[in-house]
Number of protein chains: 2
Amino acid sequence: MASWKLTIAYEGTRFAGWARQPGLRTVQEELERAVGRILGGIEVQLTVAGRTDAGVHATGQVASFETDREPPDRFAERINAVLPRDVAVLAAERAPDGFDARRWARRRRYRYRVLTGAIRDPFEERRALWWRYPVERARLDACAEALIGEHDFTAFTPTKTDHVRFNRVVTEARWEEESERVLAFRIEADAFMRNMIRVLVGTMLEVASGRRSVEDFANLLEGAPRERAGETAPAHGLYFEGVAFGDGPLVIDYEAEAAPE
Amino acid sequence: MASWKLTIAYEGTRFAGWARQPGLRTVQEELERAVGRILGGIEVQLTVAGRTDAGVHATGQVASFETDREPPDRFAERINAVLPRDVAVLAAERAPDGFDARRWARRRRYRYRVLTGAIRDPFEERRALWWRYPVERARLDACAEALIGEHDFTAFTPTKTDHVRFNRVVTEARWEEESERVLAFRIEADAFMRNMIRVLVGTMLEVASGRRSVEDFANLLEGAPRERAGETAPAHGLYFEGVAFGDGPLVIDYEAEAAPE
């Protein structure tokens, strides 16, 4: 059996998220159907690096599968020809034997996009959170800085949870000006819990608008209860950007924690 | 009666264009309803600088109207609060008496966005033409250069037409790299005929991919018949970007030519 790696982009608006759910339109189902069809009508099972919730987008998602079929030339283009237009395979490559997009992943990168200012932007409607309140950029930067390192993110995931381990190691966290009106929060960590980035962003924006102090935010990072953190920012500002892989499965397995972000 | 100027953005995907049409969803109807409502339930008639066809977007459209009502504070924000989310008023300002967005317009600016490369981009699905064939950039630049000045654009509008005058003066025309994969064609002229930019782009892309020579394109600009030009590029790559106004109505009136681009 050969292992394959797919790099994938999707506009999440019309998907009920990555993971298959009966009766709902999911990225996983669309892709498994398309890949299976191009391989001659077989069943394909995809494993994904970062499960995403309904409405979340991806620009560099990675999924893997195994097959004994030989894919055709221009494999990615062939898959795209039968995929709906809100999802595309950016690359389809042979991977090392046993490659598994979830277990081999070492770090995941996300971006959260925030449209600022008093006026909506019709082109950002399902692609960024519109935050019309004043934003003090220096306070956002201070929050991002506080995030670097290992922390207990209990405050940033729903109280009812399948997660058994709440520490995560953040290797990058920063806000940047993507354009005149769009601020983007970029974060990289070994793994994320369900809603974690959305609650982080919702809470940081409260700091940015003066409703909460930077110290308060930093104090949440050491295992505070969920009710002390802020609102969950909407899914449609969130983008799965990419994955860094190791050369084998991780010793610490996140299987028990494979809930969608 | 006071004159007002609205600067407007819309994502054209779900509109049947600017101009009111019975039974169809149009930008004009949505805006007239919203503005009339904020002014206390009156009828408002908008005049627009550049009528756009179904699917065409706008980032800097301008419309005008007259009223004896006094608008509320934060007029634009109030209008936006009752508008659907794919259209927004960016600014609402008092204009000189008699201001008319169509008759006072001297130059209109459009942009046409082209996604290049072998792979689709789900985020550009209704926002750029996907052109998967090779593109020789220097040939595009040569076409753009040939466009500057006054030409007879008969070849670039449908044969069945209400237009009575086919000369237009192009004051700017250039291709630029908007991002790694998106090429944008920017054009400014005194006025445009129906489909003119879309046929120009469709024909220039044939030149870029080697199916037609630059000379052939240049020869079309002096009154050649429609059938000698190329395909009409789709509406969803086109954006109305802005208008330059004079300080009064134009002597040459384009009224007889007020068909949508």
Side-chain angles (χ1 to χ4, degrees), chain A residues 6-15 27 30-31 34 52 56-61 73-93 111 113 115 117-130 132-133 178-181 234 236 239-241, chain B residues 6-15 27 30-31 34 52 56-61 73-93 111 113 115 117-130 132-133 178-181 234 236 239-241:
Chain A
L6 304 178
T7 307
I8 301 151
Y10 45 90
E11 213 278 350
T13 306
R14 295 190 300 277
F15 287 109
V27 183
E30 293 288 2
L31 275 167
T52 51
V56 175
H57 312 290
T59 55
Q61 180 64 278
D73 280 352
R74 300 186 168 198
F75 188 23
E77 290 173 52
R78 298 287 192 101
I79 301 168
N80 290 333
V82 299
L83 274 176
R85 296 188 167 193
D86 48 357
V87 49
V89 173
L90 308 180
E93 308 156 277
R111 179 169 50 137
R113 302 179 65 245
L115 174 72
I119 303 280
R120 278 191 287 104
D121 179 344
F123 296 94
E124 295 291 354
E125 178 48 26
R126 302 299 304 172
R127 306 213 175 156
L129 161 67
W130 177 36
R132 69 189 92 177
Y133 311 103
E178 191 186 292
S179 64
E180 211 184 315
R181 290 189 56 196
H236 65 256
Y239 295 69
F240 188 97
E241 284 212 317
Chain B
L6 304 179
T7 308
I8 301 151
Y10 44 90
E11 214 279 347
T13 307
R14 294 189 302 275
F15 288 109
V27 183
E30 293 287 2
L31 275 167
T52 51
V56 175
H57 313 290
T59 56
Q61 180 64 276
D73 280 352
R74 300 188 169 196
F75 189 23
E77 290 172 52
R78 298 287 191 101
I79 301 168
N80 289 333
V82 300
L83 274 177
R85 298 192 165 189
D86 48 358
V87 50
V89 173
L90 307 180
E93 307 156 277
R111 178 169 50 137
R113 303 178 66 244
L115 174 74
I119 303 282
R120 277 191 288 104
D121 179 344
F123 296 92
E124 296 291 354
E125 178 47 25
R126 302 298 304 174
R127 305 209 176 159
L129 161 66
W130 177 36
R132 70 189 93 177
Y133 312 103
E178 190 186 295
S179 64
E180 210 184 317
R181 289 191 55 198
H236 65 254
Y239 296 70
F240 188 97
E241 283 211 318

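Residue numbering restarts at 1 for every chain, and letters A, B, ... go by the order of the sequence lines.
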Under the 3.5 angstrom rule, does the side chain of B:H57 hit a backbone N or O of B:F240 as a donor-acceptor pair?
no
Per-residue tally against chain A (heavy atom, under 4.5 Å) across B:R120, B:E11, B:E77 peaks at B:R120
Are the side chain of B:R127 and the backbone of A:F123 linked by a donor-acceptor contact shorter than 3.5 Å?
yes
Main chain of A:G117, side chain of A:W130: is a donor-acceptor contact present, judged purely on distance under 3.5 Å?
yes
Report which part of B:Y10 has an atom under 4.5 Å of a heavy atom belonging to chain A: side chain, backbone, both, or neither.
backbone
Considering only heavy atoms, give the residues of residues 84-91 of chain A separated from chain B by less than 4.5 Å, sorted numerically, with 'none' for an empty result.
A:P84, A:R85, A:D86, A:V87, A:A88, A:V89, A:L90
Proximity breakdown for B:R126 and chain A, heavy-atom pairs closer than 4.5 Å:
neither
Partners passing side-chain contact (heavy atoms from CB on, under 4.5 Å) against A:S179 (at least two apart in sequence or in another chain):
A:V182
List for me each residue that meets side-chain contact (heavy atoms from CB on, under 4.5 Å) alongside A:R78, sequence neighbours excluded, and say none if there are none.
A:I38, A:P72
Taking side chain to side chain donor-acceptor pair (under 3.5 Å) as the test, write out the residues that go with A:R74, two or more places apart.
none
Is any side-chain heavy atom of A:E178 less than 4.5 Å from a side-chain heavy atom of A:R111?
yes
